[in-house]
There are 2 protein chains.
Amino acid sequence: MSATAKKTKRTASRASRRQQLIDATMKCIARKGMSSTTLGDVAREAGLSQGIVNLHFESKENLLNETLRNIADDYKTQFNRALDKSGPDAANKLHALMELDLRPSILDRQKLAVWFAFWGEVKSRPRYREICKKSDEYYDEVVCTLCEEIIAAGHYKDVSPLAVATALTSMTNGLWLSYLISPKRFDRQIASNAVAEYLHSIFPKHFPL
Amino acid sequence: MSATAKKTKRTASRASRRQQLIDATMKCIARKGMSSTTLGDVAREAGLSQGIVNLHFESKENLLNETLRNIADDYKTQFNRALDKSGPDAANKLHALMELDLRPSILDRQKLAVWFAFWGEVKSRPRYREICKKSDEYYDEVVCTLCEEIIAAGHYKDVSPLAVATALTSMTNGLWLSYLISPKRFDRQIASNAVAEYLHSIFPKHFPL
DNA sequence: CAAAAATGAATGAGTATTCATTCAGATTAT
DNA sequence: ATAATCTGAATGAATACTCATTCATTTTTG
């Protein structure tokens with residue numbers, strides 16, 4: 001009841017209003033692109049008034065920073081949930097992480113458009129770079145550790161955990177790009193096979209075909 | 001003699017002026033980001049006057065389209081040259097293409113910033129998408145064909161050429177992103193190893209360690 | 001009613017585009 | 001050869017417009 005009551009209220013809690021505006025921002029960036037989304041667009045998308053963003057975020061710069069942080073947090077949550085859900089086995093965990101990046105909740109053109117919009121400005125905005133760097137370091141670290149465990153368990157020779165981790169995270173980012181550019185041509189199954197074949201060829205004992 | 005004479009001339013040929021403006025645009029995008037480069041910035045960077053871009057390109061939109069086309073052509077030229085230079089052997093050719101993407105002339109933060117700036121707007125600008133799609137299709141096609149040849153020559157089993165091609169092109173795009181975000185942490189050697197290990201594990205006869 | 005939230009018109013800084021004017025170099029006439 | 005004329009590249013001030021931000025007013029909540 002109190003949950004539904006929120007809808008009728010014309011004034012929302014500070015937190016939910018901010019989230020609503022961040023969601024609207026992502027929709028606008030996906031539809032119009034970063035360089036032509038205006039605060040007016042965001043307000044209209046949210047069904048609110050012109051000045052609303054400045055009221056809740058002080059500035060456009062702030063809104064964009066918070067939007068990036070939000071999408072990064074969202075990914076991190078899913079990442080950690082995937083890790084938790086997949087038991088203690090390192091190969092299992094690694095497989096779960098790779099599959100996650102091809103799930104519809106992640107491999108979603110709207111979200112990808114937002115990621116790429118921020119990556120597109122990473123070189124000129126130190127703040128964006130910081131946020132992205134921090135996330136990337138964390139994921140690389142986790143994936144690298146999983147690779148080390150698998151290498152130790154399988155006595156694999158001539159395999160560098162760092163190189164494998166680099167290859168894996170790069171591959172998923174690159175797959176995202178090809179989906180963004182050519183959604184029609186992209187085939188989830190082929191992408192999944194590409195990852196599976198790679199894992200099989202590097203760690204045959206842990207990833208049978 | 002006539003080549004150096006160009007420098008002293010105050011009025012340049014239409015083609016060279018356009019190229020000069022495109023170069024200035026790329027510098028501006030790399031330094032300030034797509035969403036805050038103005039035509040004034042571009043003109044200043046080129047050492048020319050305010051109205052110069054409209055004189056040569058009619059509109060900003062046009063300038064940006066031509067800039068993307070230019071950077072895509074530039075890549076294509078290098079791609080084809082790498083193919084030509086590396087003799088008739090498919091494995092040689094494939095190796096040359098992968099190395100190309102890690103060469104300083106390609107793996108260059110300024111150029112990458114421009115690529116990502118355009119990719120960041122790909123979803124909302126059909127024109128950008130067309131240009132990128134066309135290029136990608138060509139590269140995938142070439143890489144896929146090379147993989148088919150290698151598979152046939154080496155009688156490799158359970159390897160899908162399309163999946164390998166997808167993995168390879170995705171991997172280089174992803175490596176570019178990690179270099180863009182964390183240039184310090186990025187290690188060309190590790191990136192090179194990642195690609196080499198992958199090729200070795202898939203096509204061991206053709207890519208010894 | 002008082003405080004908090006939201007509105008939306010007004011402001012002003014900036015930006016793409018236009019265009020009358022300048023100017024360098026090529027062409028033509030003397 | 002020199003001067004006069006032409007051409008179109010380049011300029012940069014003016015124009016028209018967009019957009020982030022402000023704030024006086026209204027609405028909602030407690």
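The structure displayed is predicted, hence computed values, not measured ones. In what follows, chains are A, B, ... by sequence order, proteins preceding strands, each numbered from 1. No hydrogens, no waters, no symmetry mates; every other heavy atom, side chains included, goes into these values.
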Please check if any side-chain donor atom of [X] sits under 3.5 Å from a side-chain acceptor atom of [Y], or the reverse.
X: Tyr75(B); Y: Asp101(B); result: yes
X: Asn62(B); Y: Glu66(B); result: no
X: Tyr179(B); Y: Asp108(B); result: no
X: Glu197(B); Y: Ser160(A); result: no

Please give, in whole Å, the distance from [N] [atom2] to [X] [atom1]?
X: Leu21(A); N: dA5(C); atom1: CG; atom2: P; value: 14 Å
X: Gln50(A); N: dA24(D); atom1: CD; atom2: P; value: 17 Å
X: Leu39(B); N: dT18(C); atom1: CG; atom2: C1'; value: 13 Å
X: Asn54(A); N: dC19(D); atom1: CG; atom2: P; value: 15 Å
X: Leu63(B); N: dT15(C); atom1: CG; atom2: P; value: 16 Å
X: His56(A); N: dA20(D); atom1: NE2; atom2: P; value: 17 Å
X: Arg18(A); N: dA6(C); atom1: CZ; atom2: C1'; value: 16 Å
X: Glu58(A); N: dT21(D); atom1: CD; atom2: C1'; value: 12 Å

For this session: Tell me which residues in residues 26-35 of chain A put a heavy atom below 4.0 Å from DNA chain D, sorted by number, or none.
Result: none

For this session: May I ask you to check if Lys76(A) and Tyr138(A) form a cation-pi contact, with NZ or CZ under 6.0 angstrom from the six-membered ring centre and within 45° of the axis?
Result: yes

For this session: For residues 178-192 of chain B, pull every pair meeting salt bridge (charged side-chain N to carboxylate O under 4.0 Å, His left out), keeping only residues two or more places apart or in separate chains.
Result: Glu137(A)-Arg185(B), Asp140(A)-Arg185(B)

Seminar exercise, completed: Whichever of Asp41(A) and Leu55(A) has the more 5' nearest nucleotide on DNA chain D, that residue is Asp41(A)

For this session: Would you classify Ile52(A) as touching base, sugar-phosphate or nothing, given that sugar-phosphate means primed atoms plus P, OP1 and OP2, and contacts are heavy atoms under 4.0 Å?
Result: sugar-phosphate

Exercise. Under 4.0 Å between a side-chain N/O of Arg17(B) and OP1 or OP2 of dA9(D), yes or no?
Worked result: no

Exercise. Can you tell me if the side-chain N/O atoms of Ser49(A) get under 4.0 Å from OP1 or OP2 in dG8(C)?
Worked result: no

For this session: Before accepting this row, confirm whether a basic side-chain N of the pair Glu149(A)/Lys93(A) lies closer than 4.0 Å to the acidic partner's carboxylate O.
Result: no

